[in-house]
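Please read the structure below before turning to the comments.
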2 protein chains.
Amino acid sequence: MAQLNNVTPLFKDLAKVEHEHNIACKECSLYRLCLPLGLHSNDLAQLDKIIKRSQSYSRGQALFSSDTPFKSIFVVRSGSFKTTVQASDGREQVTGFYFPGEFIGMDAIYEQAYKSSAKALESSSVCELPFEKLQEFGATMPQLQVQMMSRLSKELSGDKTLMFLLGKKTAEEKLATFLLSLSRRFQDRGFSARDFQLTMSRGDIANHLGLAVETVSRMFTRFQDEGLISLQGKAISLTDQDKLKQLCG
Amino acid sequence: MAQLNNVTPLFKDLAKVEHEHNIACKECSLYRLCLPLGLHSNDLAQLDKIIKRSQSYSRGQALFSSDTPFKSIFVVRSGSFKTTVQASDGREQVTGFYFPGEFIGMDAIYEQAYKSSAKALESSSVCELPFEKLQEFGATMPQLQVQMMSRLSKELSGDKTLMFLLGKKTAEEKLATFLLSLSRRFQDRGFSARDFQLTMSRGDIANHLGLAVETVSRMFTRFQDEGLISLQGKAISLTDQDKLKQLCG
DNA sequence: AACGCGCATTGACCTGGATCAATTATCAGT
DNA sequence: ACTGATAATTGATCCAGGTCAATGCGCGTT
């Protein structure tokens, strides 16, 4: 696991990465964040063969929805996605945002059916992992199973944190927490923790945090007035991360 | 998997089950709901050996908390538990209630540390599964890994549903949904879907649903006035399940 | 450059559920 | 059976954040 200490810039050239659809796992800039971490190189080569590296999805396009038959889980390769669950009356909840190296669709394993849907927030691409094959491989690659469980557990843990946020935090705390969560994830991917793009709409943010769009908008202007952030359109800059951290509770 | 079709009463004698701490998995009344489902009998025998069948926990006693070193995941054997996450300022969120056959502690796998804590709601007992051993066994029992992933995924899926509840539902919808969720789980365990005990306090319910105790109390009295439920203390009876279902949204 | 459209902001007002406060049950321990 | 502590109910009031409405902005299209 020496790679973990060997932190290098992940995206020397984002545009280049976006077009290298058929790059092998071991050459992939996301390797450090991704499923194959810890696999032996011959196992990795096998895994490589079953991964379908998809063409890109454009803004708003669905990766899957609740009526898509379950076959695969996905890893974001470039861009970003949102997942939602919806009730029969049309209400929907944005359950998460997903960035490169993050997994989508793991909640479908149990029922062997997607009960949520996933949409691209911008021009994005994914690696598709056929679940049945993944299961087969698991029998001979215990390390792969460990990685999968670890991923599942990580998401579970994140969901508990979100439940706390939804159930107990104020609008101010929710938004501060959200911004710092994005920041941390961008940083993990070799981007700036301070300046980044909000690829999702205000509406998506509000929905995800259990707030109204207007509240998010007002809170953004307040954070700006107080010098915590600077915002133009979708570009945000966290100008006072320490104070933001204090607001999280 | 013929067992799935062979539904028999699970708890002929609850008191008896509670005291049979060392009953083997294949004799256990929870077998149908539990991890070993689908394992070959010699694998099962092996698994049996590593399971620690604990003495019982009394009301309020902690199964683990965030400072307990992570070693095991747990399956409820009898009774019930709640799990909570808490912030440094003392606020806490009840993230779930757990009944016989349900797993506790899976969100700790990723960080190899419990970030939540679990407390018994009544006199209860668990089966303790040492995680390291479970990993070892996984290498030779792919079916066990499948079961584990399936469990993790199930909880993930439930969490998404809860996020919707917390983010989008009204107090009325929250409570109706909660009661029916309990009802369904009791039914799965061979108990009445109509009459059961609320082993958790009103405070726990309120906290879990992102409400104030007073709101839960008022809603309970309203549901009673409208003839949807009948409540005395912790004993509840869902007298109009259909109408409750309509209230869920 | 003018148009159209969805997204975002801002203001005014309203309300579901929180908070505060006061009883009243429940129940565990002696 | 008594008793103190804790949990639950009920009522009165308040407010964070939702809803409604109007306007403004950015951006892709022709």
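Letters go in sequence order (proteins before strands), and every chain restarts at 1. For the numbers below, each heavy atom of this structure counts, side chains included, while hydrogens, waters and symmetry mates do not.
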Q: Specify the separation, in whole Å, of atom CD1 of B/I236 and atom P of D/dA8.
A: 13 Å
Q | Test salt bridge (charged side-chain N to carboxylate O under 4.0 Å, His left out) applied to A/E173 and B/R91, step by step | A | CA-CA 13 Å; A/E173 292 170 329; B/R91 278 182 296 182; 2.9 Å; yes
**Q.** Polar side chain donor-acceptor pair, B/S80 to B/T199, under 3.5 angstrom
**A.** yes
**Q.** Nearest-Å distance for atom pair CG/C1', residues B/L209 and C/dG16
**A.** 16 Å
Q | Value in whole Å for how far the C1' atom of D/dA12 lies from CD of B/E214 | A | 12 Å
Q: Could you tell me whether the phosphate oxygens of D/dG17, OP1 or OP2, come under 4.0 Å of any side-chain nitrogen or oxygen in A/T215?
A: no
**Q.** From D/dT9, D/dT19, C/dA18, nucleotide with atom closest to A/A212 side chain
**A.** D/dT19
Q: Identify whether any heavy atom of A/G203 sits under 4.0 Å from a base atom; if not, whether one sits that close to sugar-phosphate; answer base, sugar-phosphate or nothing.
A: sugar-phosphate
Q. Of the candidate nucleotides D/dG11, C/dA12, C/dA18, which contains the atom at the shortest distance from the side chain of B/L211?
A. C/dA18
Q. Taking NZ, NE, NH1 and NH2 as the nitrogens, is one of them in A/K160 or B/D107 under 4.0 Å from a carboxylate oxygen of the other?
A. no
Q: Describe the nucleic acid contact of B/S201 in one word from base, sugar-phosphate, nothing, applying a heavy-atom distance below 4.0 Å.
A: sugar-phosphate
Q | A/K174 NZ - D/dG18 P separation (whole Å) | A | 7 Å
Q: Check the pair A/D204 / A/H208 against side chain to side chain contact (heavy atoms under 4.5 Å, CB included), numbers first and verdict last.
A: CA-CA 6 Å; A/D204 287 337; A/H208 182 53; over 6 Å; no
Q) Can you tell me how far P of C/dT26 sits from CZ of B/R59, to the nearest Å? A) 15 Å
Q: Give the nucleotide from the list D/dT10, D/dA8, C/dT9 with an atom nearest to the side chain of A/T221.
A: C/dT9
Q) What is the distance from CE of A/M200 to P of C/dC7, rounded to the nearest Å? A) 15 Å
**Q.** Gap between atoms CG and P, on B/L175 and C/dG17 respectively (whole Å)
**A.** 11 Å
Q: Classify the nucleic acid contact of B/G60 as base, sugar-phosphate or nothing, counting any heavy atom under 4.0 Å across all strands shown.
A: nothing
Q. Any donor-acceptor pair under 3.5 Å between the side chain of A/R218 and the base of C/dG11?
A. yes
Q: Please name all residues satisfying salt bridge (charged side-chain N to carboxylate O under 4.0 Å, His left out) with A/E226, sequence neighbours left out, ordered by chain then number.
A: A/R222
Q | Interatomic distance, B/I229 CD1 vs D/dA8 P [rounded to whole Å] | A | 14 Å
